[in-house]
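The structure appears right after this line, and notes come after that.
On a predicted model such as this, the values are computed, not experimentally measured, just so you know.
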Amino acid sequence: MTITTALARHSVLVLSVCLLSACGGGGGNTGSSGTPPPQANNQSPGGIWQTQYVETSGPTAGDTISGLALIDEVGSFYFAERDQTNGCVTIGFGQATVTGSSISGNVDEAAATYALTPGVNTNCTFPDGSTSGTGTISGTITQQSSMTITDSGTTSKGTALGTETHTWTFNSLYDTPSSLTAVTANYWDGNNTFSVNGNGAIFEQDPTSGCVINGQVSILNSQYDVYSISLSFASCTGNAAAANGYTMTGLATLDTTVTPAQLDFGVSASVNGGGFVVLVDSLPQQ
């Protein structure tokens, strides 16, 4: 696994999701008959969302970018936008709020090398050399259909990353029921084995780095193919020793549309001093 340390200016921001029908407050406006006005029908953000586009400016102009986003039913999200040319990926974690058909949120981002890009050894950074940043997302959403998202951000060195708008399409794989039985398997992590047992417990040992990984896959909502995942690292040596003691949490999905099926996930953890570490991977079943 490739672990990237990203020195952000602050840890992940968490916004509370507040459905209009459940928010408190003073007495609202009513019509002359005393009947409250109709409330907005909040779209559900939950889904496996995908995008693909070609960069039109900057040092990666002309590169094809493929994006995957996982969002649970309460708006916690993880996304990865992978450059198909250079093997770099922009990873983001945050919390989205939906009001009616409007979606917004804050995000912490990191630049990393995608773990399963063979033969690519890229020092992936943002244009100013930093590996992290913070930003916002905003746009519109039609549940289980499409999102049009505008994102803007600033690197940890204070450089504006600009604003981009892209359309994300819902993948019906999300409506596949989740279960621990479904994810129980051994997965390839390079030459190592990433094991998930029938209770969702994770184990992997990397003889090269010495890292021992223990973790857990858990069901969030059995109707949908998005899981919570946690990974804890110990016994790492050399450059990987920085991961010791960290427990990283995030979201995962089991992609059964490919053969063999693969576990896609992204996890992150806050570190002392306001930074965070991130890991993104896709592991095919053995």
Report yes if the side chains of [X] and [Y] come closer than 4.5 Å at any heavy-atom pair, otherwise no.
X    : Y    : result
L263 : Y227 : no
V107 : D151 : no
T169 : Q50  : no
E164 : E55  : yes
T193 : F203 : no
T60  : T85  : no
R82  : V280 : no
L70  : F265 : no

Looking only at heavy atoms, which two atoms of [X] and [Y] are closest? And how far apart?
X    : Y    : answer
P207 : N192 : CD-OD1, 3.4 Å
A110 : V278 : CB-CG2, 3.8 Å
S101 : Q43  : CA-CG, 3.9 Å
D206 : S209 : OD2-OG, 3.0 Å
S152 : T163 : CB-OG1, 3.5 Å
N186 : S195 : OD1-OG, 2.7 Å

Would [X] end up clustered with [Y] when hydrophobic side chains under 4.5 Å apart are linked, directly or stepwise?
X    : Y    : result
Y53  : F170 : no
L220 : L173 : yes
I65  : L68  : no
Y187 : L231 : yes
I219 : V267 : yes

Under 3.5 Å, is there a donor-acceptor pair linking the side chains of S66 and Q52?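 The criterion, which ignores hydrogens and geometry beyond distance, is satisfied for Q52 and S66.
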Would you check if there is a donor-acceptor pair between the side chains of E73 and S44 at a distance under 3.5 Å?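 S44 vs E73: donor-acceptor pair found between side chains.
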If you take the centroid of each ring, where Trp contributes its six-membered ring, are F194 and W188 closer together than 6.0 Å?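 Centroid distance W188-F194: not below 6.0 Å, so no.
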Return the [atom1] to [atom2] distance between [X] and [Y], rounded to the nearest 0.5 Å.
X    : Y    : atom1 : atom2 : result
N191 : T208 : CG    : OG1   : 8.0 Å
I229 : Y78  : CD1   : OH    : 10.5 Å
K157 : T125 : NZ    : OG1   : 8.0 Å
I137 : T97  : CD1   : OG1   : 9.0 Å
S268 : L279 : OG    : CG    : 10.0 Å
E81  : I91  : CD    : CD1   : 11.0 Å

Measure the acute angle between the ring planes of Y224 and Y174, then classify it against the limits of 30° and 60° as parallel, tilted or perpendicular. parallel
Hey, which of T176, N171, T253 is the one that makes side chain to side chain donor-acceptor pair (under 3.5 Å) with D225?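 That would be T253; it is the only one of T176, N171, T253 passing the side chain to side chain donor-acceptor pair (under 3.5 Å) with D225.
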Residues 243-252 side chain polar contacts: donor-acceptor under 3.5 Å, at least two apart:
from, atom 1, to, atom 2, distance (Å)
N244, OD1, S235, N, 3.2
N244, OD1, C236, N, 2.7
N244, ND2, C236, O, 2.9
N244, ND2, A241, O, 3.4
T247, OG1, S232, OG, 2.7

Side chain of [X], backbone of [Y]: donor and acceptor closer than 3.5 Å?
X    : Y    : result
N199 : A201 : no
T99  : S102 : no
S178 : N221 : yes

Pair S104, S138 - check side chain to side chain donor-acceptor pair (under 3.5 Å), show working. CA-CA 4 Å; S104 61; S138 62; over 6 Å; no
Could you go through the side-chain contact (heavy atoms from CB on, under 4.5 Å) check for V98 and Q143 one step at a time? CA-CA 10 Å; V98 177; Q143 67 183 38; over 6 Å; no
Between I149 and the options W168, F79, W49, the side-chain contact (heavy atoms from CB on, under 4.5 Å) test singles out W168
P127 and side-chain contact (heavy atoms from CB on, under 4.5 Å): which single residue from T155, T159, L161 fits? L161
Please walk me through it: do T134 and N106 pass side-chain contact (heavy atoms from CB on, under 4.5 Å)? CA-CA 8 Å; T134 58; N106 287 359; over 6 Å; no
